[in-house]
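Just below is one structure, and these are the notes that go with it.
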Number of protein chains: 4
Amino acid sequence: MERPSPGPTPSGRRPRADAARNRSRLVAAARNAMAADGANVSLERVARDAGVSIATLYRHFPQRDALIEAVYQDEVGALVAAADDLRARQEPVVALREWLLLFVDFLDSKQGMSEALGTLLQGPDALFRDSSDRLASCVDALVRSARATGRLTTAIQPLDLLRAIGGIASVSPNVDWKASAERLVDVLLLGLGADADLVADRSPHPGTTP
Amino acid sequence: MERPSPGPTPSGRRPRADAARNRSRLVAAARNAMAADGANVSLERVARDAGVSIATLYRHFPQRDALIEAVYQDEVGALVAAADDLRARQEPVVALREWLLLFVDFLDSKQGMSEALGTLLQGPDALFRDSSDRLASCVDALVRSARATGRLTTAIQPLDLLRAIGGIASVSPNVDWKASAERLVDVLLLGLGADADLVADRSPHPGTTP
Amino acid sequence: MERPSPGPTPSGRRPRADAARNRSRLVAAARNAMAADGANVSLERVARDAGVSIATLYRHFPQRDALIEAVYQDEVGALVAAADDLRARQEPVVALREWLLLFVDFLDSKQGMSEALGTLLQGPDALFRDSSDRLASCVDALVRSARATGRLTTAIQPLDLLRAIGGIASVSPNVDWKASAERLVDVLLLGLGADADLVADRSPHPGTTP
Amino acid sequence: MERPSPGPTPSGRRPRADAARNRSRLVAAARNAMAADGANVSLERVARDAGVSIATLYRHFPQRDALIEAVYQDEVGALVAAADDLRARQEPVVALREWLLLFVDFLDSKQGMSEALGTLLQGPDALFRDSSDRLASCVDALVRSARATGRLTTAIQPLDLLRAIGGIASVSPNVDWKASAERLVDVLLLGLGADADLVADRSPHPGTTP
DNA sequence: CATGAATGAGGCTTCATTCAT
DNA sequence: AATGAATGAAGCCTCATTCAT
């Protein structure tokens with residue numbers, strides 16, 4: 001079956017290997033580039049970083065957005081997987097909290113990708129409906145579980161939690177943003193009615209202004 | 001005898017009128033443009049929208065930042081004034097809450113200006129120290145007063161409140177964002193320890209996902 | 001079977017033809033333009049003259065200097081070749097003289113290119129070390145040979161000979177400059193100690209002022 | 001007399017003082033600027049340096065060239081005066097030599113002005129005929145005197161001496177150019193037939209290449 | 001007279017995208 | 001299927017010059 005075909009009609013599908021390799025190289029390069037410069041990456045640069053020609057990039061991603069979306073898919077995939085895992089193994093409110101902290105970590109590790117992810121938080125009418133929806137369902141499920149325990153009383157749109165956190169993260173050069181974001185997670189949970197003892201107060205009395 | 005014309009029409013110093021008009025047109029155009037695209041506005045577009053030549057823009061604002069800063073000055077001025085007013089006339093925690101809601105209104109009325117304001121929330125090492133500092137001191141004072149009453153217990157960096165709110169606002173096309181933001185204000189205040197009765201629950205049980 | 005067309009026209013790799021044609025058009029246009037305005041050519045003009053888009057110019061010469069250097073390479077190449085030839089076939093002092101006269105011819109044929117070449121005479125710390133060095137070594141070798149015969153006594157930096165000649169040439173619109181330059185060659189050689197009979201006095205008593 | 005005028009008809013001519021002051025400030029500023037950047041000065045910069053408005057510059061020098069010419073007039077004036085002085089007090093050939101060395105000094109002290117002066121050496125069909133002619137007559141007279149003594153035999157166009165020297169000077173960043181230029185003066189004089197003993201060999205055997 | 005404002009034009013550079021091979 | 005070349009459009013900025021006051 002490896003053998004392409006002896007006849008004149010090409011039957012093998014081997015070129016796919018090259019194509020697939022190029023595709024993932026492109027996505028990886030785009031991810032890195034977006035981490036540095038946000039979603040305004042130069043496509044030429046992505047192609048160069050990926051080691052392919054610009055025309056090849058266009059073959060794989062005929063519209064600029066297609067490439068961006070591909071990056072999002074990757075990123076969101078990881079977040080969703082983590083959420084599934086946490087929900088399976090933790091008490092709901094804890095799972096929510098852990099996931100939000102994970103989200104903070106995630107933003108931290110991607111420095112700048114935050115801006116890109118921000119796009120996904122804009123809601124479903126954007127160009128990236130698919131990833132956007134996956135992410136939304138993911139937080140939604142976490143919040144729904146937590147509220148089902150009766151331990152979260154105040155209502156809020158789940159995505160808004162991520163938006164608020166993202167708001168802090170998007171001011172990238174702010175050195176201490178991660179601590180701020182982690183505190184915000186707890187303020188939000190408290191505000192939603194979570195027990196105070198859930199939230200270990202790890203960092204007392206921060207300064208008021210940076 | 002200095003005054004050449006006795007009538008109401010001043011004849012002596014009118015050229016300034018043109019310049020001033022152009023200047024404010026430029027700032028207005030920049031504000032609008034920034035509402036759409038954030039601080040990365042194309043200067044050429046601003047000039048075009050303002051109906052002046054690009055060179056005129058450069059005469060008024062020789063460095064790009066000067067224009068941005070001018071926009072910020074305007075915006076921040078209004079916010080600071082409102083804060084002073086509220087602090088003078090309201091109980092501290094209420095003043096804080098009212099101001100945050102005002103901030104939401106403000107972002108709403110500026111649609112997208114949020115991103116521009118976001119720049120100011122990045123902290124003092126940015127290029128726009130002046131406006132940035134003014135805004136920071138402003139929230140700072142409000143939060144300090146509120147905490148001084150003993151009615152706010154949990155600590156958070158004041159600017160982070162704005163950042164969180166801004167996070168929700170920055171997803172401009174989201175139709176319902178204002179309601180979300182207003183709810184976030186209360187969630188945040190509750191999370192900071194404010195009395196539940198302070199926060200009239202005007203909006204019960206919102207949907208979960210947009 | 002690979003070759004679609006049996007005729008002499010190669011079919012397989014033609015795109016290069018376009019690129020090469022554009023490249024040489026660009027260099028030619030640049031040479032002409034530099035002849036008029038020196039190395040401060042407007043790149044836009046070069047592109048326009050060459051009949052290609054400005055972006056194409058940038059593809060071939062991503063840095064302005066790359067284009068200039070390309071022009072220099074061409075010009076210097078010809079001069080060096082001539083020097084090698086003369087040294088191989090002439091008595092040293094004669095070779096030097098002939099080459100200097102050739103240099104004059106050269107400047108003459110390039111009208112204004114002189115200014116561009118002037119850049120090369122500035123010495124090795126300039127941006128165009130490569131061409132610069134090649135030219136310097138070239139004159140150096142000629143002068144060294146001539147001095148080795150003992151027939152040139154006074155010392156001078158070889159490049160200064162070219163600089164002096166270039167000084168006369170750089171006043172392009174001066175109609176008679178070539179005669180002046182040729183006379184200068186002999187004055188210089190005499191000043192360096194060459195035998196008077198080497199220098200056939202072809203041009204007696206020129207006018208004093210143009 | 002401070003008082004402008006009591007009657008309706010302005011009678012005083014005081015504004016001339018201002019005008020004259022502005023004019024010389026402009027010329028001075030232009031000279032400095034040209035020393036730094038050659039003749040491509042930005043007129044705005046000149047006006048700014050001179051402390052007057054750009055429009056005032058235009059009132060004094062309606063065409064860009066008028067300003068340049070004014071600068072030339074100044075510079076050439078100094079050189080001509082020196083020549084007159086030397087001719088009056090020195091033996092002709094010595095006077096010529098001294099003046100050429102002075103010319104070298106002059107170029108040295110003006111670093112960059114050299115380019116500007118270069119313009120004057122281009123000959124009479126340029127835009128700056130007046131200064132150009134004055135300079136030409138000046139060298140002419142020096143050379144004529146020297147040749148009249150019979151001690152200069154070979155002929156050359158007087159201006160070409162300056163052009164050759166200027167050729168060396170115009171390569172400004174070349175650290176050692178002044179020594180080169182001084183040596184060239186002697187090579188030229190020797191080449192023209194001057195006695196070797198006139199030319200004190202102050203600097204034996206320089207290196208060949210920089 | 002002098003001024004500051006305004007402008008048109010031009011140069012530089014980068015990019016997303018299309019095309020011929 | 002992949003490539004390198006080419007392009008138009010757009011952004012940035014600076015300048016010489018004109019105009020209204």
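Convention: sequence-line order gives letters A, B, ...; per-chain numbering from 1. We use all heavy atoms of the structure for the numbers below, so side chains are in, but hydrogens, waters and symmetry mates are not.
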**Item:** Pair assignment for F:dA9, Watson-Crick or G-U wobble, requiring both distances under 3.5 Å
**Value:** E:dT14
**Prompt:** Checking D:Arg64 side chain against D:Leu43 main chain: does a donor-acceptor pair fall under 3.5 Å?
**Reply:** no
**Item:** Value in whole Å for how far the P atom of F:dC19 lies from CD1 of D:Ile54
**Value:** 15 Å
**Message:** Nearest to the side chain of B:Asn22, heavy atoms from C-beta on, is which of E:dA6, E:dC12, E:dT7?
**Reply:** E:dA6
**Asked** D:Thr56 near the nucleic acid: base, sugar-phosphate alone, or nothing, with a heavy-atom cut-off under 4.0 Å?
**Response** base
**Message:** Considering every strand and a 4.0 Å limit on heavy-atom distances, what is the contact class for B:Leu43: base, sugar-phosphate, or nothing?
**Reply:** sugar-phosphate
**Asked** The side chain of D:Glu44 lies closest to which of these nucleotides: E:dT17, E:dA16, E:dA6?
**Response** E:dA6
**Prompt:** What is the base-pairing partner of F:dT14, counting Watson-Crick and G-U wobble geometry with both distances under 3.5 Å?
**Reply:** E:dA9
**Complete:** Closest to the side chain of B:Ser42, out of F:dA16, E:dA16, F:dC12, is F:dC12
**Message:** Please report the distance, rounded to the nearest Å, between CZ in C:Phe61 and P in E:dC12.
**Reply:** 15 Å
**Prompt:** When we call it a touch if two heavy atoms are under 4.0 Å apart, what does C:Val46 touch: a base, just sugar-phosphate, or nothing?
**Reply:** nothing
**Message:** Let's see if you can work this out: which of F:dG4, E:dG8, E:dT13 has an atom nearest to the side-chain heavy atoms of C:Tyr58?
**Reply:** E:dT13
**Request:** Identify which nucleotide among F:dT7, E:dG4, E:dT7 has an atom closest to any side-chain atom of B:Ser53, counting heavy atoms from C-beta outward.
**Result:** E:dT7
**Asked** Of the candidate nucleotides E:dC15, F:dC12, E:dG4, which contains the atom at the shortest distance from the side chain of D:Ala55?
**Response** E:dG4
**Fill in**
Side-chain contact check for B:Ala19: nearest option of E:dA5, F:dA16, F:dG4 is E:dA5
**Item:** CD-CG distance between C:Glu69 and C:Asp74, expressed to the nearest 0.5 angstrom
**Value:** 10.5 Å
**Complete:** Of C:Gly51 and B:Pro62, the one whose closest nucleotide on DNA chain F sits nearer the 5' end is C:Gly51
**Over all atoms of both residues, closest heavy-atom pair of D:Ala30 and D:Val46** = N-CG1, 3.9 Å
**Item:** Base paired to E:dT3 (Watson-Crick or G-U; both N/O distances under 3.5 angstrom)
**Value:** F:dA20
**Message:** Do D:Leu26 and D:Arg23 make a side-chain contact, defined as non-hydrogen atoms from C-beta onward lying under 4.5 Å apart?
**Reply:** no
**Prompt:** E:dA6 phosphate, OP1 or OP2: any side-chain N/O from B:His60 under 4.0 angstrom?
**Reply:** yes
**Request:** Determine the minimum heavy-atom distance between A:Met34 and A:Ile68, stating which atoms define it.
**Result:** CE-CG2, 3.9 Å
**Request:** Please report the closest heavy-atom contact between C:Thr56 and C:Asn22, naming both atoms and the distance.
**Result:** CG2-ND2, 4.2 Å
**Message:** From CG of D:Asp65 over to C1' of F:dT17, roughly how many Å is that when rounded to an integer?
**Reply:** 14 Å
**Item:** From F:dA6, F:dT17, E:dA16, nucleotide with atom closest to C:Arg59 side chain
**Value:** F:dA6
**Request:** Check the distance between F:dA5's P and C:Leu26's CG and give it to me in whole angstrom.
**Result:** 13 Å
**Request:** Name the nucleic acid region contacted by B:Arg48, choosing base, sugar-phosphate or nothing; use a 4.0 angstrom heavy-atom cut-off, strictly under.
**Result:** sugar-phosphate
**Item:** Sugar-phosphate only, base, or nothing, as touched by B:Arg45 at under 4.0 Å among non-hydrogen atoms
**Value:** nothing
**Request:** Round to a whole Å and report the spacing from CZ of A:Arg64 to P of E:dT18.
**Result:** 14 Å
**Request:** Find which nucleotide of DNA chain E each of B:Leu57 and D:Val52 is nearest to by heavy atoms, and output the residue with the more 5' nucleotide.
**Result:** D:Val52
**Request:** Round to the nearest Å and state the distance from B:Gln63 atom CD to F:dC13 atom P.
**Result:** 9 Å
**Fill in**
To the nearest angstrom, the CG-C1' distance between B:Asp18 and F:dT18 comes to 15 Å
